Structures are given as structure tokens and as C-alpha cells.
J.: 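One structure is given below, represented as C-alpha cells, and several questions about it will come after.
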Amino acid sequence: MAEQRERTFLMVKPDGVQRGLVGTIIERFEKKGFKLVGLKFVWPSEELLQQHYSDLASRPFFPGLVKYMSSGPVVPMGWEGLNAVKTGRQMLGATNPADSQPGTIRGDLCIQVGRNIIHGSDSVESANKEIALWFTEKEVVGWTPAAENWVYE
């Protein structure tokens with residue numbers, strides 16, 4: 001494949017885990033043709049979340065975000081594919097589910113911005129940083145799916 005593949009980071013938030021939406025979200029990315037390269041089920045510490053959301057530290061909602069995100073288990077994931085960051089963001093829909101189109105994860109599965117079920121990297125740089133924060137090098141697996149030639153030219 002001549003095009004450059006990239007990795008993106010997604011994380012099912014506590015509301016998505018509690019609602020049993022992890023499998024549905026994974027299925028959407030697998031059906032799209034993206035390759036899962038990392039997956040965990042963890043209850044994150046406030047310290048880890050403060051690092052993860054450090055770019056939002058000056059925002060008034062930051063303390064509540066960290067408290068909420070540490071209120072239950074989450075599912076961080078690494079995905080790989082052509083334009084994985086941009087396409088992944090399109091698949092998620094707008095941050096505010098009320099602004100999300102039907103057919104997107106947030107448009108179909110949630111209602112309020114404070115319970116928008118999933119985080120997705122906004123750039124390749126952010127994705128690389130987030131994957132490195134949540135996974136060790138050994139936890140991100142490089143592999144070739146048997147169906148790869150049916151997804152990419």
C-alpha cells in the first residue's frame with residue numbers, strides 16, 4: 001500500500017463502559033477496516049487522566065472531567081489504518097452529541113456532551129502521545145490481518 005497508515009487513540013469512557021457499548025464501538029471500527037493494535041480495560045488514576053487531558057487543565061470543566069473519567073473503568077484502544085485520525089473523528093461525530101449526525105457513534109448512541117461515551121485523538125501527534133501514555137511498547141501489537149488485501153489496494 002503506497003499511502004501512509006497512521007495510528008489513532010480511542011478511549012471508551014466510563015459511561016460507554018457502563019452502558020455496555022464497548023463491543024458496538026469496536027465492531028464499527030473493525031467493520032470500517034481499521035486494525036486494532038492495542039486494547040486495555042483499566043480504572044484510570046486521576047494522575048493519569050490529568051496527564052492525558054493536560055491541554056485542558058486551564059479550562060473550568062477540567063476538575064469535573066478528571067473526576068468523572070476516574071469514576072469507573074475505561075477502555076483505551078489503539079487503531080491503525082489509512083487516515084485513522086481524521087476518519088475516526090468523523091466516525092465519532094461532534095463532541096456534543098446534539099451536534100452529531102445520525103450514523104456517527106455519538107449521533108446514534110448518546111445525548112449529552114458530559115456523557116459522550118468516547119474520546120478520540122484530534123491529530124496524529126496527539127494520537128502518538130496518547131498511545132505512548134496509555135500503552136507500553138510491548139502492549140501495542142504490529143500484525144497483518146488476513147483480510148488486509150480486501151481492505152487496501
Side-chain angles (χ1 to χ4, degrees), residues 1 3-97 99-100 104-107 109-110 112-145 148 151:
M1 183 177 83
E3 301 92 352
Q4 181 63 36
R5 285 184 230 185
E6 61 193 25
R7 289 183 174 167
T8 193
F9 176 83
L10 301 174
M11 179 169 45
V12 181
K13 296 178 179 181
D15 54 315
V17 172
Q18 291 292 332
R19 292 180 55 206
L21 297 174
V22 174
T24 299
I25 291 167
I26 290 172
E27 181 181 33
R28 286 189 182 213
F29 281 86
E30 286 182 329
K31 282 184 174 181
K32 182 69 173 176
F34 289 117
K35 176 173 66 173
L36 184 63
V37 296
L39 175 75
K40 285 184 177 182
F41 183 74
V42 298
W43 198 314
S45 68
E46 287 190 11
E47 294 76 21
L48 177 59
L49 292 162
Q50 287 168 351
Q51 283 182 280
H52 177 84
Y53 289 112
S54 62
D55 61 319
L56 302 174
S58 64
R59 306 291 293 268
F61 60 82
F62 181 74
L65 173 63
V66 170
K67 183 178 178 185
Y68 172 67
M69 288 296 296
S70 63
S71 70
V74 299
V75 179
M77 299 177 278
W79 290 89
E80 184 178 286
L82 181 63
N83 298 314
V85 172
K86 180 181 178 186
T87 303
R89 298 280 291 185
Q90 290 171 339
M91 290 172 66
L92 296 184
T95 301
N96 185 343
D99 299 330
S100 294
T104 65
I105 290 168
R106 290 177 179 143
L109 302 175
C110 54
Q112 288 187 308
V113 70
R115 299 291 184 265
N116 68 3
I117 71 174
I118 190 164
H119 163 86
S121 297
D122 61 4
S123 69
V124 173
E125 296 76 25
S126 292
N128 291 334
K129 179 183 134 208
E130 292 169 346
I131 289 169
L133 180 63
W134 288 86
F135 295 96
T136 67
E137 213 173 287
K138 289 182 179 183
E139 293 174 320
V140 178
V141 180
W143 65 289
T144 304
E148 182 161 321
V151 175

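Remember, it's a predicted structure, so these values are computed and weren't measured experimentally.
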J.: Between W143 and L36, which heavy-atom pair has the shortest distance, and what is it?
T.: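 Smallest interatomic distance, heavy atoms only, reads NE1-O, 2.8 Å.
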
J.: Does V113 reach the side chain of P97, with side-chain heavy atoms less than 4.5 Å apart?
T.: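 Yes, close enough: below the 4.5 Å cut-off.
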
J.: Just how far is it from atom CD of E46 to atom CD of Q50, taken to the nearest 0.5 Å?
T.: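 The CD atom of Q50 is 6.0 Å from CD of E46, to the nearest 0.5 Å.
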
J.: For F62, check ring-ring contact (aromatic ring centres under 6.0 Å, His included) against everything at least two apart and list the hits.
T.: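 In terms of ring-ring contact (aromatic ring centres under 6.0 Å, His included), with neighbours along the sequence ignored, F62 is linked to no residue.
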
J.: For L109, does its backbone N or O pair with a side-chain atom of R19 as donor and acceptor, under 3.5 Å?
T.: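 Between the backbone of L109 and the side chain of R19 there is a qualifying donor-acceptor contact (under 3.5 Å).
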
J.: Is there a side-chain contact between I117 and V12 (heavy atoms, below 4.5 Å)?
T.: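 No, every pair of side-chain atoms sits at 4.5 Å or beyond.
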
J.: Checking R115 against Y68: charged group under 6.0 Å from the ring centre and within 45 degrees of the axis?
T.: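 Cation-pi check for R115 and Y68: passes.
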
J.: Compare all side-chain heavy atoms of I25 with those of I105 and state whether any distance is below 4.5 angstrom.
T.: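 They are in side-chain contact.
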
J.: In chain order, what residues pass the salt bridge (Lys or Arg N to Asp or Glu O under 4.0 Å) check against E139, with sequence neighbours excluded?
T.: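 K40.
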
J.: Quick one: are L39 and I26 in side-chain contact, heavy atoms under 4.5 Å?
T.: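 Yes. Closest side-chain heavy atoms under 4.5 Å.
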
J.: Are L48 and W134 packed together at the side-chain level, in the sense that at least one heavy-atom pair is separated by less than 4.5 angstrom?
T.: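 Answer yes - side chains close enough.
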
J.: Side-chain contact, heavy-atom cut-off 4.5 Å: P14 with M69?
T.: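 Answer yes - side chains close enough.
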
J.: Indicate the atoms forming the closest heavy-atom contact of S121 with H119, along with that distance.
T.: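 In terms of heavy atoms, the two residues are closest at N-NE2, 4.0 Å.
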
J.: Please report the closest heavy-atom contact between L49 and S70, naming both atoms and the distance.
T.: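 Minimum heavy-atom contact is CD1-N, 3.4 Å.
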
J.: Nearest 0.5 angstrom please: L10 CG to F34 CZ, how far?
T.: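 L10 atom CG to F34 atom CZ measures 9.0 Å (nearest 0.5 Å).
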
J.: Do the rings of F9 and F135 sit parallel, tilted or perpendicular, given the 30° and 60° boundaries?
T.: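 Correct class here is perpendicular.
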
J.: Flag the pair H52 / P44 as yes when at least one side-chain heavy-atom distance between them is below 4.5 Å, and no otherwise.
T.: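 Heavy-atom side-chain distance check fails, nothing below 4.5 Å.
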
J.: Got a list of side-chain donor-acceptor pairs under 3.5 Å for residues 75-96, not counting sequence neighbours?
T.:
unit_1	atom_1	unit_2	atom_2	d
E80	OE1	R7	NE	2.8
E80	OE1	R7	NH2	3.2
E80	OE2	K35	NZ	3.0
T87	OG1	N83	O	3.0
R89	NH1	G120	O	2.8
N96	OD1	A98	N	3.0

J.: As an exercise, state the distance from CG of N128 to OG of S126, rounded to the nearest 0.5 Å.
T.: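 With rounding to 0.5 Å, CG (N128) is 9.0 Å from OG (S126).
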
J.: Is there a side-chain contact between P145 and E148 (heavy atoms, below 4.5 Å)?
T.: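 A side-chain contact under 4.5 Å exists here.
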
